[in-house]
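In what follows, a single structure is set out as structure tokens and then discussed.
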Amino acid sequence: VVTRDDVEESLKAVFQLVKDKEQLLQDLRAQIEETKKTNSEKQRERDYWLEYKNVGSKIHAERISSLEKDTVEVKYELERTEENYREALKAVREENQKLFDRHMQLLSEAALKNAVGYLDKNCRREIEENEWLKEEVKIYRKEESDLKASVQLLEEENTSLVAKLIDIKLQHLRV
């Protein structure tokens with residue numbers, strides 16, 4: 001038997017889980033923002049070194065190439081991280097929806113049981129009798145269909161016996 005306290009505790013646990021997951025999502029968003037800042041800093045540094053390279057300095061050409069590679073890697077990692085976070089967010093939302101649906105189902109079942117518990121004896125007896133009557137109607141309908149089949153078989157047998165009797169009487173009349 002599920003009590004109201006059980007349902008409330010379950011809902012509290014679900015809501016706490018949702019809050020925790022939302023906090024995780026906020027943390028992930030903060031990491032994405034920090035990665036974007038890092039990316040923009042690397043981009044500015046790259047632009048600076050490209051300008052320096054274009055002015056005529058070949059000394060730092062290798063450094064510029066390295067920074068360009070770093071920028072590409074950071075962009076790739078950012079895209080990969082964003083995709084992973086999108087997938088995680090989608091999975092968390094689906095899981096939350098499933099949990100919410102399940103708890104709503106449990107709540108509705110508990111509410112129904114609770115409502116039946118508050119009914120007086122007469123109402124509960126009427127509900128039980130109604131269920132009993134439904135079962136009885138099923139039984140009687142099955143018996144009715146069985147009896148109809150039996151009656152049809154007996155009628156066919158009677159018809160064949162009457163036909164035989166008439167044939168025998170016709171033979172006796174001829175004799």
*asked:* How long is the straight-line distance from NZ of Lys90 back to CZ of Arg86, given to the nearest 0.5 Å?
replied: 11.5 Å
*With side-chain contact (heavy atoms from CB on, under 4.5 Å) as the test, would you mind laying out the steps for Leu106 and Arg102 before giving the verdict?*
CA-CA 6 Å; Leu106 287 173; Arg102 178 68 181 137; 3.6 Å; yes
*asked:* Determine whether Tyr85 and Gln31 satisfy the following criterion, side-chain contact (heavy atoms from CB on, under 4.5 Å), listing intermediate values before the conclusion.
replied: CA-CA 10 Å; Tyr85 291 150; Gln31 287 179 352; 2.7 Å; yes
*Between Thr3 and Asp6: side-chain donor-acceptor atoms closer than 3.5 Å*: yes
Solution key, residues 158-170 side-chain donor-acceptor pairs under 3.5 Å, sequence neighbours excluded:
from   : atom 1 : to     : atom 2 : distance (Å)
Thr159 : OG1    : Glu155 : O      : 2.6
Ser160 : OG     : Glu157 : O      : 2.7

*So does Lys37 pair up with Glu33, basic N to acidic O under 4.0 Å?*
no
*So with a 6.0 Å cut-off around NZ of Lys42, is the heavy-atom count from everything else above 12?*
no
*Can Leu67 and Asp70 be said to form a side-chain contact (heavy atoms from CB on, under 4.5 Å), step by step?*
CA-CA 5 Å; Leu67 288 173; Asp70 288 347; 4.3 Å; yes
*Going from CG on Leu78 to OG1 on Thr71, what distance comes out if it is rounded to the nearest 0.5 angstrom?*
12.0 Å
*Test side-chain hydrogen bond (donor to acceptor under 3.5 Å, both in side chains) applied to Asn39 - qualifying residues, sequence neighbours left out*: none
*Considering residues at least two apart in sequence or located in another chain, which fulfil the side-chain contact (heavy atoms from CB on, under 4.5 Å) criterion with Arg141?*
Val137
_The criterion is side-chain contact (heavy atoms from CB on, under 4.5 Å); which residues satisfy it with Leu11, sequence neighbours excluded?_
Val7, Phe15, His103, Leu107
_side-chain contact (heavy atoms from CB on, under 4.5 Å) partners for Gln97, two or more places apart_ = Phe100, Asp101
*Salt bridge Glu8-Arg4, side-chain N to carboxylate O under 4.0 Å*: yes
_Going by the rule side-chain contact (heavy atoms from CB on, under 4.5 Å), which residues pair with Gln23 if we only count those two or more places apart in sequence or in a different chain?_
Gln26, Asp27
_Whether Glu95 and Lys98 form a salt bridge (side-chain N of Lys/Arg under 4.0 Å from carboxylate O of Asp/Glu) is what I want to check._
no
_Lys19 side, atom NZ; Lys12 side, atom NZ - distance, nearest 0.5 Å_ = 10.5 Å
_Just verifying a value: how many Å separate Tyr76 OH and Thr81 OG1, rounded to the nearest 0.5 Å?_
10.0 Å
*Any side-chain heavy-atom pair from Glu82 and Lys36 closer than 4.5 angstrom?*
yes
*Say you draw a straight line from CD1 of Ile32 to CD of Glu34; how long is it, rounded to the nearest 0.5 Å?*
12.0 Å
*Taking it one step at a time, do Val74 and Gln43 satisfy side-chain contact (heavy atoms from CB on, under 4.5 Å)?*
CA-CA 10 Å; Val74 167; Gln43 185 67 33; over 6 Å; no
*In terms of hydrophobic clusters joined by side-chain contacts under 4.5 Å, are Leu28 and Leu89 together?*
yes
